[in-house]
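To keep things clear, I will list the structure first and then write my remarks on it.
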2 protein chains.
Amino acid sequence: MKYSYPYPRPALAVDAVVFGFADEDVCGLFIERALEPFKGRWALPGGFVRPGETPEAAARRELGEEGGIQQEIYLEQLYTFGDPERHPGDWVVSVAYYALVRKDRFNVKPGSDAKDAQWFSLKKRPALAFDHGRIVDTALQRLRSKVHYQPIGFELLPEQFTYAELQQLYEAILGEALDKRNFRKKFDSLGILREVGVVPTGKRPATTYEFDRKKYQQMQRRGFHFEV
Amino acid sequence: MKYSYPYPRPALAVDAVVFGFADEDVCGLFIERALEPFKGRWALPGGFVRPGETPEAAARRELGEEGGIQQEIYLEQLYTFGDPERHPGDWVVSVAYYALVRKDRFNVKPGSDAKDAQWFSLKKRPALAFDHGRIVDTALQRLRSKVHYQPIGFELLPEQFTYAELQQLYEAILGEALDKRNFRKKFDSLGILREVGVVPTGKRPATTYEFDRKKYQQMQRRGFHFEV
DNA sequence: CCAATAGTGTCTCTAAGACAGTATGTT
DNA sequence: AACATACTGTCTTAGAGACACTATTGG
């Protein structure tokens, strides 16, 4: 190799915070480590980046291998954690990602490096291995701020949803109650939801909507920008 | 080392986009490479992360060594670039940062790995080595969006500044003309500027202001959030 | 007809944005 | 006196936020 750097190198890992939503609650997917260090502790799905691979590809691969998440999902780079003390006994730098998935679309299952894979409500998540707790906090912050100016909430909902569900999602992410009428007014005026049907709820049936991605992209090109 | 990962590892680098402001123009600090690869090409200041060092510390160290920037400066992690093809002949992953500095406070000077260090207007910057052009674009995007909701513009101005300068800065970053009266009204109403004096301009003297950091932090704690 | 959830309209107030002339200094 | 730059105020309009009742269905 020409120009190669001869000094010690870190191992490069990726870790992903996978967010889901169900029962009016935001949750995260964690795996139980089958290997040292932190064997038996809950941790983020992740692993090492292989030669020739981009970190994002590594993150997607690991989500498939470790969490049973193979489909196309929303995945975004979050932050790179490089404290030399973050991994006991080795120098491991981790590029962290966060993912938004529709929980119902996935059968989470542990892969070879994991004893178990489970969703946890983020309100009562277990203590995590390494600095993964901090990574989750960072991801939550990012989600909370991003949800205001990008229509990423829909990545967490089923294709079709009611206004009640959409509002519960926003309330769960933002951690505050919102006014039903103002919330509806807001999204109605954005014009990015398409009515697609009606669904029984036990009492009065509710109208269901879809996020109109194409229309949103058109509007975006015309200078529109989403804000909630 | 316990648990160490035996497979090939990337070299870990940091690169920094250093922004400055002068003459109604945003500029960036680039260095001319003294070594292969891309010897003689302009590039971002940066270098390899050493064992025991955090990436941020490495970035600060390199800015001192390569660009003559030793003082405390605003520095924020931007994005990690990990395309395996980004560096010819080796696997080098780079954690990119961006910095905001008061141009007048620094005597930029090239370090040992650089033939030269120079400020360039970002409108007419040279073609850069590696993927550094993309890194600059990413940093500019980040700066442009962040300037709306965080008072980081002040990091680019001298301690004391006039409304004309402040407005020129925002116009340069955002790339659009702003209305003088509305601009003033906005910042006046925020209440984060402190009048500190008067400066001759050749014609009618202008009032100078300082960013009142303490007041801003107080207000922030009370739930205030900056927005322009 | 009762219970439960879905859905709706108005008012107030703040702030964004468009817009043009006066004030104060220098030469 | 002329010129250049600093500085100022009003109107219109859009939207955020507070607020409470009606509609529709199942049991």
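Naming convention: chains lettered A, B, ... in sequence-line order (proteins, then strands); numbering from 1 in each chain.
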**Asked** Looking for any heavy atom pair under 4.0 Å, which part of the strands does Thr207(B) touch: base, sugar-phosphate only, or nothing?
**Response** sugar-phosphate

**Item:** d(CZ, Arg184(B); C1', dA18(C)) in whole Å
**Value:** 18 Å

**Message:** For Glu24(A), I'd like to know if atom CD has over 12 heavy atoms of other residues, nucleotides or ligands within 6.0 Å.
**Reply:** no

**Asked** So what does Lys180(B) touch, heavy atoms closer than 4.0 Å: a base, only the sugar-phosphate, or nothing?
**Response** base

**Request:** Could you tell me whether Asp116(B) and Lys109(B) make a salt bridge, using a distance below 4.0 angstrom between a side-chain N and a carboxylate O?
**Result:** no

**Request:** Between Asn182(A) and Arg204(A), just flag the one whose closest nucleotide in DNA chain D comes earlier from the 5' side.
**Result:** Asn182(A)

**Message:** Before we go on, tell me: are the rings of Phe154(B) and Tyr216(B) under 6.0 Å apart, centre to centre?
**Reply:** no

**Prompt:** Rounded to the Å, how far apart are Asp179(B) CG and dC7(D) C1'?
**Reply:** 13 Å

**Prompt:** Expressed in angstrom and rounded to an integer, what is the separation of Gln167(A) atom CD from dT8(C) atom P?
**Reply:** 14 Å

**Request:** Could you tell me whether Arg142(A) and Glu76(A) make a salt bridge, using a distance below 4.0 angstrom between a side-chain N and a carboxylate O?
**Result:** yes

**Message:** If I take atom CZ in residue Arg181(B) and atom C1' in nucleotide dT12(D), what distance separates them, rounded to the nearest angstrom?
**Reply:** 14 Å

**Prompt:** Nearest nucleotide by nearest heavy atom, which residue falls closer to the 5' end of DNA chain D, Pro205(B) or Lys203(A)?
**Reply:** Pro205(B)

**Prompt:** Given atom OH of Tyr163(B) and atom C1' of dA23(C), what is their separation to the nearest angstrom?
**Reply:** 18 Å

**Request:** Give the rounded distance in Å between these two atoms: CZ of Phe183(B) and P of dC7(D).
**Result:** 13 Å

**Asked** For DNA chain C, whose closest nucleotide is more 5', that of Ser189(B) or that of Ala164(A)?
**Response** Ala164(A)

**Fill in**
Here the distance between atom P of dA14(D) and atom CG of Asp188(A), to the nearest Å, is 18 Å

**Message:** So that I can tick it off, tell me whether Arg213(B) and Glu155(B) are bridged by a salt bridge, with the cut-off set at under 4.0 angstrom between side-chain N and carboxylate O.
**Reply:** yes

**Item:** Touch class at under 4.0 angstrom, heavy-atom based, for Lys185(A) against every strand present
**Value:** base

**Asked** So does Lys186(A) get a side-chain nitrogen or oxygen closer than 4.0 Å to the phosphate oxygens (OP1/OP2) of dA16(D)?
**Response** yes

**Request:** Mind calculating the distance between CG (Leu166(B)) and P (dA6(D)) to the nearest angstrom?
**Result:** 13 Å

